[in-house]
Number of protein chains: 4
Amino acid sequence: MARPRSAAADRAILDATRAALVELGWSKLTMGDVAARAGVAKTTLYRRWTGKSTLVVEAVAALFDELELPDRGSLQADVSGVVRSFAALLERPETATALMALVAESTRDPVLRDRIRTAIVDRQKRLVLEGRARAQARGELPADEDPAAAARQADLIFDVIAGAVVHRVLVSAEPVDDAWVSAFTGLLVSGLGSLA
Amino acid sequence: MARPRSAAADRAILDATRAALVELGWSKLTMGDVAARAGVAKTTLYRRWTGKSTLVVEAVAALFDELELPDRGSLQADVSGVVRSFAALLERPETATALMALVAESTRDPVLRDRIRTAIVDRQKRLVLEGRARAQARGELPADEDPAAAARQADLIFDVIAGAVVHRVLVSAEPVDDAWVSAFTGLLVSGLGSLA
Amino acid sequence: MARPRSAAADRAILDATRAALVELGWSKLTMGDVAARAGVAKTTLYRRWTGKSTLVVEAVAALFDELELPDRGSLQADVSGVVRSFAALLERPETATALMALVAESTRDPVLRDRIRTAIVDRQKRLVLEGRARAQARGELPADEDPAAAARQADLIFDVIAGAVVHRVLVSAEPVDDAWVSAFTGLLVSGLGSLA
Amino acid sequence: MARPRSAAADRAILDATRAALVELGWSKLTMGDVAARAGVAKTTLYRRWTGKSTLVVEAVAALFDELELPDRGSLQADVSGVVRSFAALLERPETATALMALVAESTRDPVLRDRIRTAIVDRQKRLVLEGRARAQARGELPADEDPAAAARQADLIFDVIAGAVVHRVLVSAEPVDDAWVSAFTGLLVSGLGSLA
DNA sequence: TTCTAATCGAGACGGTACGTCCAGTCTTCAG
DNA sequence: CTGAAGACTGGACGTACCGTCTCGATTAGAA
């Protein structure tokens with residue numbers, strides 16, 4: 001019955017949030033600054049999000065949804081591909097600063113943790129599931145027998161790939177170059193035992 | 001006069017910092033609160049550390065230095081051991097909230113990144129190097145030929161172990177239980193190809 | 001032409017304004033609250049009044065129009081009567097808080113000052129004029145010679161009565177009891193007698 | 001032991017408050033603006049005063065303390081003098097807007113009412129008491145018999161003078177010129193003569 | 001009776017100020 | 001002549017109202 005919320009404002013705010021993350025990083029990003037960039041009142045931000053954390057979750061989630069995993073023909077190639085594209089995403093300044101800060105916040109805030117999982121983490125598991133299904137279709141991996149075991153396995157693979165890339169990029173702060181990608185992919189596919 | 005207090009004050013401040021991290025988490029920890037807990041003036045904190053980040057780096061680094069890797073007799077067992085003890089450390093509330101927040105901050109602050117690497121990250125590589133050396137001694141892994149390649153390999157293993165555990169604990173927020181540890185250890189030692 | 005403004009809404013709004021003045025006082029009265037009490041949209045308020053001040057002027061003016069001055073038989077008694085009834089009005093919480101606040105606002109806003117004069121102040125002069133005419137009819141006061149001088153005299157009397165009562169009630173915050181009324185009336189009537 | 005509050009800041013703040021009252025009036029005066037004018041942080045204001053009302057009471061009280069009542073030789077002349085100087089004070093924009101607003105606020109806030117009485121109202125009674133004593137010394141008024149009655153009488157006179165002047169200046173908004181002063185003084189002095 | 005235009009409620013909007021909290025610096029005084 | 005106590009400037013916080021602006025849903029009066 002009343003005036004509906006402006007979709008244009010939503011877009012402007014999320015864009016402004018990403019821009020502020022790039023320029024200022026998580027800890028110097030302020031709600032007032034985002035509002036000013038978006039040409040919007042602070043009230044409008046608080047009417048839609050509960051605070052900085054939830055706003056940034058939504059702003060960053062959109063970036064993760066752009067990830068895709070085209071079929072590269074083999075398990076090895078598909079793993080390489082996902083590693084590279086995930087690394088490229090994390091090397092963007094808005095993603096890096098935001099993701100770790102959100103995880104830090106979420107250790108104290110179960111509601112935020114759920115939002116992050118729903119909006120970001122769980123949606124990326126699709127990449128693992130797709131790649132795994134293709135490898136099974138190709139015969140590179142055995143078919144599932146127990147669906148629960150399959151889910152656990154997918155979760156594990158996701159933790160390993162995402163964790164390793166995050167650690168390489170943000171903690172070790174070393175480049176994800178061809179050498180590292182092929183070493184990691186090799187390790188993942190064949191294990192330590194196979195290392196030269 | 002009060003010079004001898006210096007060392008005592010240091011200890012009190014770092015203890016207070018850890019206590020505040022446990023109770024409040026990174027984002028709600030304030031310098032004033034730490035000073036009050038330590039029975040010290042804010043001035044004293046700023047005389048010794050440049051701010052919250054550097055103070056917390058030092059307070060948390062001490063916890064990581066307590067990690068040890070006793071010889072458990074096989075590569076598989078040693079990997080299990082390090083995974084478990086690293087997970088145990090990350091499940092402590094002061095470590096979890098602080099580590100992610102520091103990494104987030106460090107994406108914008110190269111000086112802080114270096115401090116974190118020096119005080120925390122690089123010191124833990126010793127665990128990987130030790131374990132690797134033992135495995136080579138046991139004949140489970142081939143001896144090094146190229147020292148540079150060996151270092152790269154150790155870095156990779158470190159990224160994979162630390163990354164996967166961090167991701168499991170803080171992002172997926174699922175328990176590091178026996179099942180996960182043995183699945184991860186198996187994957188790491190033998191690769192995806194070996195999964196049932 | 002089209003739908004006319006609702007008279008019921010007008011009444012509800014002015015009643016709500018008076019109720020809000022009683023409960024909250026001038027400074028905590030908000031337009032939104034009045035609208036809610038009246039079961040009306042804020043828009044409707046702003047369509048009829050320019051803001052809080054003009055709305056409250058109208059809400060309060062109605063109260064002043066209820067004042068009456070029955071003939072009590074002598075100048076002394078008539079003055080006592082008007083003092084008492086004016087004091088009773090000012091002791092009502094909605095009048096007290098609103099009147100002074102409006103006067104304060106009006107020091108900066110000539111348009112508001114005029115509205116207050118038209119809607120409230122000038123209309124009460126009738127009480128002085130009536131009383132004065134009766135006293136002249138009774139021979140207690142000399143008849144007017146110069147009409148301009150008579151008007152000036154009436155204004156002075158009004159300032160003295162209204163001013164003294166307001167000051168007693170709102171500034172000194174002491175009761176307008178029998179003792180005070182008779183002392184003030186005595187002072188005023190004796191003084192009046194000496195006016196040319 | 002610690003750093004004492006800055007007296008210079010106090011002075012700057014009160015000056016800034018008066019300046020802001022002149023320029024903006026009570027209702028548009030903001031704490032942030034006063035702080036900015038005084039070159040001081042908002043925190044400093046709130047450390048010393050509870051809000052706008054108490055700050056303005058103190059800022060305005062100083063102006064009232066400057067009032068003086070030199071001996072003009074007769075009761076008539078002394079009354080004229082106090083009326084004129086009180087009117088001159090109320091015609092200053094900072095006084096007018098502030099005083100009425102404070103009285104309005106105080107109808108809802110007994111603590112504020114007490115502050116206003118202590119800081120402003122009661123201190124001005126000295127003018128009445130002085131003038132009365134002089135008139136008694138000159139034989140223009142009878143000497144006190146009952147001290148309580150004398151106090152009541154002084155309060156009444158104060159209410160009449162202050163009230164009439166305030167009403168003339170702020171409500172009627174007409175000039176306090178020679179004609180009005182002498183008419184009012186005449187009325188008052190004749191009335192006073194009849195007091196027991 | 002149907003059209004039609006102003007009014008209605010609801011509430012989102014861009015703003016301004018609030019009063020609080022914390023950062024990091026500076027001043028004072030006690031030991 | 002160091003260090004606790006705490007006042008200082010500065011700036012972001014999240015909230016409350018302001019007065020304006022869409023909205024769809026009544027309504028009465030004109031057609």
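Note on naming: letters A, B, ... go to the chains in the order of the sequence lines (proteins, then strands), and numbering restarts at 1 for each one.
The NZ-P distance, from B/Lys28 to F/dG14, rounds to 11 Å in whole Å. Straight-line distance from the CE atom of C/Met31 to the C1' atom of F/dC18: 9 Å, rounded to whole Å. For D/Arg48 and E/dG19, the CZ to C1' distance is 17 Å, given to the nearest whole Å. Computed from coordinates, the B/Leu45 CG to F/dG6 P distance equals 16 Å when rounded to whole Å. Rounded to whole Å, the distance from CD1 on A/Ile13 to C1' on E/dG14 is 12 Å. The distance between atom OH of B/Tyr46 and atom C1' of F/dA5, rounded to the nearest whole Å, is 16 Å. To the nearest angstrom, C1' of F/dC17 lies 13 Å from CG of C/Leu24.
For the pair C/Arg5 and C/Asp10, the salt-bridge criterion is not met [side-chain N within less than 4.0 Å of a carboxylate O]. Checked for salt-bridge contact, A/Arg18 and A/Asp15 meet the test: a charged N lies under 4.0 Å from a carboxylate O.
With a 4.5 Å cut-off on side-chain heavy atoms, B/Val166 and B/Met100 count as touching. Put simply, the side chain of A/Arg115 does not reach to within 4.5 Å of the side chain of A/Ser106, judged on heavy atoms.
Side chain of B/Lys42, nearest nucleotide from F/dG10, F/dA7, F/dA5: F/dA7. Residue A/Arg3 places its side chain closer to F/dT22 than to any other of F/dA7, F/dT22, F/dT26.
Positionally, the nearest nucleotide of DNA chain F for A/Thr30 lies more toward the 5' end than for the other of C/Leu29 and A/Thr30. Toward the 5' end of DNA chain F, the nearer of the two residues D/Thr43 and A/Gly51, judged by each one's closest nucleotide, is D/Thr43. Residue order along DNA chain E, read from the 5' end via each residue's closest nucleotide, puts A/Ala41 first among A/Ala41 and D/Asp33. The nearest heavy atom of DNA chain E to A/Gly39 and to C/Pro4 marks one nucleotide each, and the one closer to the 5' end goes with C/Pro4.
Between C/Arg47 and the phosphate of E/dC8, there is a side-chain N or O to OP1/OP2 separation shorter than 4.0 Å. Here D/Thr44 reaches the OP1 or OP2 of F/dT9: one of its side-chain N or O atoms lies under 4.0 Å away.
For the salt bridge (charged side-chain N to carboxylate O under 4.0 Å, His left out) condition, the pairs that include at least one residue of residues 34-44 of chain C, sequence neighbours left out, are C/Glu23-C/Arg37, C/Asp33-C/Arg37.
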